[in-house]
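Report on the structure given below.
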Amino acid sequence: MNSNASKTPIAIGISQIFPCSYLDGQQEQLLVIQEETLDPILFERLLAIGFRRSGSAIYKPRCPRCSACQPIRLPVREFIVSKRQKRTLAMNRDLTWRITSNHTDAQYALYERYIQRRHFDGPMYPPSQEQYEQFLFCHWLPPTFIEVYDGDKLLAVAVTDTLPNSLSAIYSYFDPDEEHRSLGALLILIQCRLAKLQGKEFLYLGYQIDANRKMSYKRLYRPYQILTPQGWEYSQVC
């Protein structure tokens with residue numbers, strides 16, 4: 001354990017209240033940490049109390065009248081592949097995957113198509129190179145890119161943070177013409193396998209939002225833990 005990380009002072013601010021991006025009619029407010037440098041061990045401790053990363057900033061919802069965002073993580077050594085997930089793996093046996101620290105034009109081109117086709121009604125539309133980099137890149141913790149290929153064709157990317165005891169899933173995107181392959185689910189399964197191979201304890205999946213259809217899928221990966229006021233607790237609620 002790095003004793004210096006536990007003594008590093010950080011400043012936590014609070015954002016203005018603004019309309020929620022995930023739930024209609026709700027308002028959102030965030031606790032925000034913006035530091036020039038941040039120790040990965042300290043960042044992992046912040047993950048463990050519900051913070052997430054967007055670009056180089058760390059944030060945590062502190063909404064005035066809503067607590068729908070529930071931090072969720074998988075204890076990867078206990079993860080059990082379901083029948084549905086086994087079918088996803090079997091359907092994609094023809095694909096290959098690799099990890100890289102390099103950002104490529106092909107990755108951004110795929111992201112641009114994904115946002116234009118799948119999230120044209122969301123806050124990330126219209127996509128741009130600047131918006132992409134501000135959202136996913138971090139100057140104090142370069143992300144890992146997990147790439148999925150069909151031959152030489154890039155089909156999917158999972159942007160992932162690699163930390164001492166965990167992986168943290170930042171964002172995934174895929175070829176919208178290959179939706180039938182369930183590539184979003186495949187990327188989570190690959191991240192879970194990679195975490196096991198690297199000897200990590202957890203895969204952080206961000207926030208589970210039951211009331212948002214696009215954000216409610218994370219409970220399909222079991223067993224999982226939800227962060228409650230009493231700490232991380234196992235849950236099997238569907």
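Note that this is a predicted model, so its numbers are computed, not measured. Both backbone and side-chain heavy atoms feed into the values below; hydrogens, waters and symmetry mates do not.
Around the CG atom of D24, the shell of radius 6.0 Å holds no more than 12 heavy atoms that belong to other residues, nucleotides or ligands. Surrounding CG of D177 are more than 12 heavy atoms belonging to other residues, nucleotides or ligands, all under 6.0 Å away. Within 6.0 Å of the CZ atom in R113, the count of heavy atoms belonging to other residues, nucleotides or ligands exceeds 12.
By the 4.5 Å heavy-atom criterion applied to side chains, I14 and R62 are counted as neighbours. Here the side chains of L141 and F43 are in contact, with some heavy-atom distance below 4.5 Å. L183 places a side-chain heavy atom less than 4.5 Å from the side chain of L95. Side-chain contact check for P75 versus F202: some heavy-atom pair is nearer than 4.5 Å. When side chains are defined from C-beta on, Y204 counts as touching R52, because their heavy atoms get closer than 4.5 Å. Y234 has its side chain within reach of E78: a pair of non-hydrogen atoms, C-beta onward, lies under 4.5 Å apart. The shortest side-chain heavy-atom distance between N102 and F145 does not fall under the 4.5 Å cut-off.
For E133, there are no salt bridge (charged side-chain N to carboxylate O under 4.0 Å, His left out) partners, not counting sequence neighbours.
For Y59 and F51, the ring centers sit 6.0 Å or farther from each other. Two rings, from Y108 and H103, have their centers 6.0 Å or more apart.
Looking at E201 and S166, their side chains never bring a donor and an acceptor atom within 3.5 Å of each other.
Ion pair D39/R45 not flagged as a salt bridge, since none of the NZ, NE, NH1 or NH2 atoms sits closer than 4.0 Å to an Asp/Glu carboxylate oxygen.
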